[in-house]
Amino acid sequence: MNPSKTVELATPALIIDVDALEKNLSTMAVHHPGSKLRPHTKAHKCTEIARLQLSHSHTNFTCATPREIIGMATAGIGSDFLLANEVLNTDRLSALAKVSENVRVTIAVDSHETIDAAVRAGLRDVLIDVNVGLPRCGVAPELAGQLADTARKAGMTVRGVMGYEGHLMMVGGDEKRKTRVAESMRLLARAAQDVGGEIVSAGGTGTWDMHDETGINELQAGSYALMDTHYAQLKIPFVQACFVLGTWS
Ligand SMILES: Cc1ncc(COP(=O)(O)O)c(C=O)c1O
């Protein structure tokens, strides 16, 4: 059966409201066109949605795992990928190195170990991941320059820095959030000066319009495409576009 109405769908069914999705993608693309947005694919893990993001002028993507990048590259979507998490597993990094023969792959590093793992796998392009206040990963801002020197000595191309301010996404009140984002991005700017390179990458859906003066040159937002009920609490112009249809008996 090829259902033409929602009620005809077998449940549970994952529903994407394409009008809402389209509105979200356009709103973001107007504010952050082309390479100013590096959409994070982990928020949907769906090449068809990534293809829509591509049609909205974004050719550079952020991914959370090597498999996400391999999936995107195999589908022929995007030309410049950032792995925005640290990976040590040699098999996974080697698989990533294979696709880097056809598309540009840059990986986040925050330690000597992550640099060594990238070198062993044959990956060459890195961003120095800086801890801007989210206690998850990232080198201390004052050590970022030294780490970049280590990476360059190991033969890597250091393209710049990234620093995800995920701890600030839900800080209540736009003004307070904006102030905290500016503080956090000062840490990244300091690191960027020491590191060099052309990329300063940060940001997410909750801070999507708070970076006009922070000095970053690409935003890594992902949730904006489909949104979620958590982010719906914020006053941002993106709407929920993903639902699960169930049957109540
Ligand atoms: C490193 C990194 N960048 C960007 C994002 C995307 O943020 P958002 O879901 O707020 O759009 C995430 C999400 O967790 C992330 O981990």
Side-chain angles (χ1 to χ4, degrees), residues 20-21 23-29 31-32 35-46 49-50 52-53 56 58 60-69 72 78 80-87 96 105-111 114 126-139 141 144 159-172 174 177-178 180-181 184-185 187-188 191-192 199-211 214 216-242:
L21 171 62
K23 178 180 175 294
N24 292 343
L25 299 186
S26 324
T27 303
M28 185 62 93
H31 201 95
H32 298 285
S35 64
K36 289 192 186 317
L37 185 75
R38 191 184 272 280
H40 207 317
T41 58
K42 78 170 183 182
H44 51 68
K45 295 181 185 286
C46 172
I49 295 177
L52 291 177
Q53 290 172 314
H56 279 272
H58 315 299
N60 304 343
F61 288 88
T62 310
C63 292
T65 66
R67 273 186 74 187
E68 284 177 18
I69 296 183
M72 291 280 288
D80 186 315
F81 296 96
L82 168 63
L83 179 64
N85 290 87
E86 283 70 22
V87 174
L96 193 54
V105 173
T106 302
I107 68 167
V109 292
D110 65 358
S111 63
T114 46
V126 293
L127 283 192
I128 304 297
D129 188 0
V130 179
N131 182 347
V132 293
L134 176 69
R136 184 173 74 176
C137 48
V139 66
R159 296 185 71 194
V161 293
M162 65 157 277
Y164 177 57
E165 75 283 18
H167 58 304
L168 302 179
M169 294 295 148
M170 297 303 293
V171 167
D174 285 1
R177 193 156 70 257
K178 199 169 174 182
R180 296 279 309 276
V181 168
S184 168
M185 290 301 108
L187 300 174
L188 190 61
I199 296 179
V200 184
S201 190
T205 301
T207 61
W208 79 289
D209 60 348
M210 300 187 170
H211 281 283
T214 61
I216 73 164
N217 51 27
E218 53 173 57
L219 188 88
Q220 299 180 358
S223 299
Y224 79 99
L226 296 176
M227 282 292 281
D228 56 44
T229 51
H230 197 52
Y231 263 141
Q233 294 165 41
L234 294 182
K235 282 195 228 110
I236 51 179
F238 308 107
V239 293
Q240 198 175 338
C242 182

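Counting starts at 1 for both ligands and their atoms, following the listed order.
For Glu218, the salt bridge (charged side-chain N to carboxylate O under 4.0 Å, His left out) criterion is met by Arg38, not counting sequence neighbours. Looking at residues two or more places apart in sequence or on another chain, you find a side-chain hydrogen bond (donor to acceptor under 3.5 Å, both in side chains) between Thr41 and Glu68.
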When you check ligand 1 against the protein, what N or O pairs turn up below 3.5 Å? List the atom names and distances, or just say none.
unit_1	atom_1	unit_2	atom_2	d
ligand 1	3 (N)	Gln220	OE1	2.6
ligand 1	7 (O)	Tyr164	OH	3.2
ligand 1	9 (O)	Ser223	OG	2.5
ligand 1	10 (O)	Thr205	N	3.0
ligand 1	10 (O)	Tyr231	OH	2.4
ligand 1	11 (O)	Thr205	N	3.1
ligand 1	11 (O)	Thr205	OG1	2.6
ligand 1	11 (O)	Gly222	N	2.7
ligand 1	11 (O)	Ser223	N	3.0
ligand 1	14 (O)	Lys42	NZ	2.8
ligand 1	14 (O)	Tyr164	OH	3.4
ligand 1	16 (O)	Lys42	NZ	3.1
ligand 1	16 (O)	Arg136	NH1	3.4
ligand 1	16 (O)	Arg136	NH2	2.9

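Counting all heavy atoms, side chain and backbone alike, Leu82 lies closest to Ile69 at C-CD1, 4.2 Å.
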Give every donor-acceptor pair under 3.5 Å between a side-chain atom in residues 219-233 and any protein atom, sequence neighbours left out.
unit_1	atom_1	unit_2	atom_2	d
Gln220	NE2	Ser201	OG	2.9
Tyr224	OH	Gln53	NE2	3.0
Asp228	OD1	His230	N	3.1
Asp228	OD1	Tyr231	N	2.7
Tyr231	OH	Gly206	N	3.2

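Between atom SG of residue Cys46 and atom CE of residue Met72 there is a gap of 10.0 Å, rounded to the nearest 0.5 Å.
With hydrogens and angles left out, the side-chain atoms of Thr207 and Glu165 include a donor and acceptor closer than 3.5 Å.
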